[in-house]
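Notes to accompany the following structure.
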Amino acid sequence: MAEGSWYDADIARVIISEDEIREKTDELAKQVAADYGDTEGLLLVCVLKGAAMFMADFARALGRYGPPAELEFMAVSSYGEGTTSSGVVRILKDLDRDIAGHKVLVVEDIVDSGLTLSWLLKYLESRSAASVEVVALFRKPEAVKVNIPVRYVGFEIPNEFVVGYGLDYAERYREVPYVGVLKPEVYTRG
Ligand code: 5GP
């Protein structure tokens, strides 16, 4: 970890370190490569912005072991109150291509209530993908209650609000290279 970065003072606790993320990403890429073998036309679908870091690192790791893949990005907004998602989703940026007949792997940052993901899976299936699976770097305990088929999971993390590695608080902390919990005073600074 770089010494003296501006954000270090705001982080109460590191939950998952940069090294752990790198190792796990490599492990997940090997698992996916083993399962997808010589699949043609594999599409990685990332939902912005939270999963951007994981998509960039996962795609490069998969490139070392797996079949060629295309990268697709979507942006959605979920209607609902502040920090909880409602499952009602509006598409801000759609896929750039037709996915009919393609194997799709959704690259997710974190699954919490699973509502957004559940909507996304239905949407991708309605566009006639040959298969839709999910790789998520983090999963919270709530997600285990809902029946979302997340085939590949990096880390099970506690039910706390985390930031870093793409995950934000009020659009900040996405560039933090590890995942951690903010100090309480950060929320009351205003
Ligand atoms: P879900 O629909 O599963 O409740 O929410 C999924 C999305 O909410 C994630 O893709 C992520 O962007 C956001 N999210 C869920 N938990 C956290 C968290 O602990 N920290 C941050 N920054 N975002 C989260």
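Just follow the structure's listing: the first ligand is 1, and inside any ligand the first atom is 1.
Applying the ring pair (Phe, Tyr, Trp, His ring centres under 6.0 Å) definition to pairs two or more places apart or across chains, those involving residues 16-67 are F54-F58.
For E142, no heavy-atom contact with ligand 1 is shorter than 4.0 Å. Contacts between D109 and ligand 1, counted as non-hydrogen atom pairs separated by less than 4.0 Å, involve the side chain only.
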Self-check item: Derivation and outcome, salt bridge (Lys or Arg N to Asp or Glu O under 4.0 Å), residues D112 and R139
Solution: CA-CA 6 Å; D112 184 8; R139 185 163 66 179; over 6 Å; no
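Applying the side-chain contact (heavy atoms from CB on, under 4.5 Å) rule to V181 yields the partners R13, I15, E160, V162; only residues at least two apart in sequence or on another chain are considered.
Under the 4.0 angstrom criterion for non-hydrogen atoms, L115 is in contact with ligand 1. Within the structure, ligand 1 lacks K49 among the residues with a heavy atom less than 4.0 angstrom away. Taking a 4.0 Å cut-off on heavy atoms, G50 fails to register as neighbouring ligand 1. At a 4.0 Å cut-off, not a single heavy atom of Y169 sits close enough to ligand 1 to count as contact. The shell of residues lying under 4.0 angstrom from ligand 1, judged by heavy atoms, includes I110.
Within the 4.5 Å cutoff, the side chain of R151 has no heavy atoms near those of the V135 side chain.
Using modelled atom types and a 3.5 Å distance limit, the side chains of D109 and Y165 yield no donor-acceptor pair. No side-chain donor-acceptor contact under 3.5 Å links E185 and T188. Using modelled atom types, one finds no donor on one side chain facing an acceptor on the other under 3.5 Å when comparing D10 with Y169.
The distance from ligand 1 to the heavy atoms of E160 drops below 4.0 Å at these ligand atoms: 19 (O). Of all atoms in ligand 1, numbered sequentially from 1 with element shown, those under 4.0 Å from a heavy atom of E108 are 10 (O). Against a heavy-atom cut-off of under 4.0 Å, S113 is close to the following atoms of ligand 1: 1 (P), 2 (O), 3 (O), 4 (O). Numbered from 1 in the order shown, with element, the atoms of ligand 1 that lie under 4.0 Å from a heavy atom of K140 read 16 (N), 17 (C), 18 (C), 19 (O). Residue T116 approaches ligand 1 through these ligand atoms, each under 4.0 Å from one of its heavy atoms: 2 (O). Atoms of ligand 1 lying under 4.0 Å from any heavy atom of G114, numbered from 1 in the order shown and given with element: 1 (P), 2 (O), 3 (O), 4 (O). Near D168, meaning under 4.0 Å from one of its heavy atoms, ligand 1 places the atoms 21 (C), 22 (N).
Inclusion of V111 in the set of residues having an N or O under 3.5 Å from an N or O of ligand 1 is not warranted. At a 3.5 angstrom cut-off on N or O pairs, V162 counts as close to ligand 1.
Nearest heavy-atom pair, R97 versus R127, reported as atom, atom and distance to 0.1 Å: O-NH2, 3.5 Å.
Under a cut-off of 6.0 angstrom, the local environment of NZ in K122 is sparse, with at most 12 non-hydrogen atoms contributed by other residues, nucleotides or ligands.
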